[in-house]
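Bear in mind that the values here come from a model prediction, so they are computed numbers and not experimental data.
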Amino acid sequence: MKKSLTKRTAQLFLAFVCSFVFFVFLSLIGIRMTLMRPTFMQQQVNHSQYVSNVQKEMNNKIQDLARGSNIPPEVVKDTIPYTLIEKNMMQYVNTLYSGRSFTLQGEEEVKKELYKKINQYAADKKMKTDEQINKGIAQFVDSSMQVVKQAIEIPYLANFVQKVNQYKSTLNAFMIGAGITWCVISGMLFVTCRSSKERIQFASLIFAGSGISLVVGPLILYFNGWMSRIGIMTHSIYEFVQTYLRTFDLLFIKMGTILLVLSILFFVTFVVLTNKSGTTKQNT
């Protein structure tokens with residue numbers, strides 16, 4: 001009796017450790033799949049409608065610059081196309097993770113379009129241009145392109161990705177270590193089991209423990225509203241950060257939910273096998 005109790009206690013302890021290590025392993029995988037992948041960030045750029053939002057902000061700022069340069073804002077309305085922003089934003093994210101320098105693509109085309117619109121306006125109004133006016137137009141065009149660059153090259157992202165990349169190799173090492181540890185502990189636990197039914201029971205406990213750990217914390221963060229209180233002034237960046245954090249948080253909730261479903265399935269299987277075993281013993 002004492003030996004059986006000691007064995008059961010040891011098995012439960014191994015199941016607890018196995019559940020915790022599995023939780024750590026899946027958490028590291030979640031971080032590796034999201035924070036350290038440029039594809040994930042690009043997906044959130046699309047989901048948050050960042051390109052559409054930043055296009056409106058860019059064009060509004062350029063129109064404000066036009067007012068300051070005595071150019072009617074409607075002349076330069078909607079100068080920056082959606083495709084240019086989208087193309088450069090995707091490229092910018094790739095350069096952040098690869099460590100390359102970013103170069104704005106399509107800059108000359110936009111400059112030509114701005115010059116074309118302003119010159120056409122001057123021709124329609126039969127305005128004479130001199131060296132000083134041309135210099136002012138050139139300054140306006142350069143300032144407009146600076147607005148485009150500043151909207152795409154987000155300093156928050158550059159600092160964030162730089163810090164994330166510093167820990168990439170460390171996280172990979174911990175992830176591999178956690179995976180190997182989980183396999184070893186699981187093997188030790190299942191070796192001590194006398195039957196497949198007992199292994200199914202412990203598998204249910206392990207998945208349940210890991211699933212609850214993955215769900216509870218992220219679920220609290222998701223519903224307590226802290227994400228909506230982030231102090232970012234620009235609407236486009238605010239929406240992007242909100243979407244990024246929510247998607248990251250939801251990934252862990254989804255993983256935990258899948259584990260809980262698996263845990264329930266294993267538990268149901270265990271109960272069915274137990275009932276069958278009991279019925280067989282009664283018939284015997």
Side-chain angles (χ1 to χ4, degrees), residues 17 19-51 53-54 85-105 146 148-185 210 213-222 224 226-256 259:
V17 175
S19 177
F20 175 75
V21 174
F22 194 42
F23 159 70
V24 173
F25 176 60
L26 290 178
S27 297
L28 294 175
I29 288 179
I31 294 172
R32 184 68 179 81
M33 289 172 56
T34 54
L35 304 187
M36 300 200 172
R37 285 177 63 240
T39 306
F40 177 76
M41 185 174 287
Q42 290 169 343
Q43 289 171 347
Q44 305 324 305
V45 168
N46 291 327
H47 294 162
S48 64
Q49 297 182 334
Y50 178 80
V51 177
N53 291 330
V54 83
I85 302 171
E86 183 180 40
K87 179 181 179 181
N88 279 280
M89 195 64 214
M90 297 300 121
Q91 182 63 26
Y92 178 61
V93 172
N94 282 328
T95 58
L96 287 178
Y97 279 89
S98 63
R100 302 193 307 269
S101 58
F102 171 72
T103 302
L104 184 67
Q105 298 180 9
Q146 193 62 33
V148 176
K149 291 178 181 178
Q150 288 175 351
I152 293 174
E153 297 181 87
I154 308 171
Y156 305 107
L157 293 187
N159 294 333
F160 170 73
V161 173
Q162 185 178 11
K163 290 179 180 179
V164 164
N165 284 335
Q166 289 177 353
Y167 298 100
K168 188 174 182 179
S169 57
T170 304
L171 184 138
N172 289 338
F174 274 111
M175 186 172 66
I176 294 171
I180 294 173
T181 303
W182 179 69
C183 290
V184 171
I185 297 174
S210 300
S213 299
L214 285 168
V215 167
V216 173
L219 207 59
I220 292 172
L221 291 175
Y222 189 83
N224 71 0
W226 74 273
M227 296 181 196
S228 61
R229 296 192 294 269
I230 297 173
I232 299 176
M233 297 297 292
T234 308
H235 175 70
S236 57
I237 299 179
Y238 175 80
E239 290 295 327
F240 166 71
V241 173
Q242 284 261 75
T243 304
Y244 190 91
L245 293 175
R246 282 202 180 100
T247 306
F248 175 71
D249 194 57
L250 281 172
L251 174 69
F252 291 91
I253 295 174
K254 289 175 182 178
M255 286 196 300
L259 287 181

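- Rounding to the nearest 0.5 Å gives a distance of 13.5 Å between CD of Q166 and CG of L171.
- Here CE of M33 is found 5.5 Å from CG of L251. Values are rounded to the nearest 0.5 Å.
- The CZ atom of F252 lies 10.5 Å from the CG atom of L221; values are rounded to the nearest 0.5 Å.
- Considering every non-hydrogen atom in both G256 and L214, the closest pair reads CA-CB, 3.7 Å.
- V51 is linked by a side-chain contact (heavy atoms from CB on, under 4.5 Å) to V45, Y82, I85, E86, counting only residues two or more places apart in sequence or in another chain.
- Between F22 and L259, the shortest heavy-atom contact is CE2-CD2, 3.8 Å.
- N159 pairs by the side chain to side chain donor-acceptor pair (under 3.5 Å) definition with nothing, not counting sequence neighbours.
- Side chains of M41 and L157 form a contact here, defined as non-hydrogen atoms less than 4.5 Å apart.
- Side-chain contact check for V241 versus F160: every heavy-atom pair is 4.5 Å or farther apart.
- By the side-chain contact (heavy atoms from CB on, under 4.5 Å) test, Q91 pairs with T95, R100, F102, Q105, sequence neighbours left out.
- Contact of the I154 side chain with the M89 side chain is registered, since non-hydrogen atoms from C-beta on lie closer than 4.5 Å.
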Discussion item. Side chain to side chain contact (heavy atoms under 4.5 Å, CB included) for Q42 and N94? Distances and angles first, verdict last.
Written reply: CA-CA 9 Å; Q42 290 169 343; N94 282 328; 3.1 Å; yes

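- Rounding to the nearest 0.5 Å places CZ of F20 at 11.5 Å from OG1 of T181.
- Side-chain contact between L245 and D249 is absent, with no heavy-atom pair separated by less than 4.5 Å.
- S19 places a side-chain N or O within 3.5 Å of a backbone atom of S210 that can act as its donor or acceptor partner.
- Residue Y50 comes nearest to A151 through the heavy atom pair OH-O, 2.8 Å, listed as atom of the first residue, atom of the second, then distance.
- Contact of the L250 side chain with the I253 side chain is registered, since non-hydrogen atoms from C-beta on lie closer than 4.5 Å.
- When atom types are taken as modelled, the side chain of N53 and the backbone of Q49 share a donor-acceptor pair closer than 3.5 angstrom.
- In terms of heavy-atom proximity, S213 sits nearest to P218 at O-CD, 4.4 Å.
- With sequence neighbours excluded, the residues satisfying side-chain contact (heavy atoms from CB on, under 4.5 Å) with Q44 are F40, H47, F240, T243, Y244, T247.
- Y222 places a side-chain heavy atom less than 4.5 Å from the side chain of R246.
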Distance-only criterion, 3.5 Å: show the donor-acceptor pairs between side-chain atoms of residues 24-32 and protein atoms not counting sequence neighbours.
{"from": "S27", "atom 1": "OG", "to": "F23", "atom 2": "O", "distance (Å)": "2.8"}
{"from": "R32", "atom 1": "NE", "to": "N172", "atom 2": "OD1", "distance (Å)": "2.9"}

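- Annotation: side-chain contact (heavy atoms from CB on, under 4.5 Å) contacts of A173 (sequence neighbours excluded): none.
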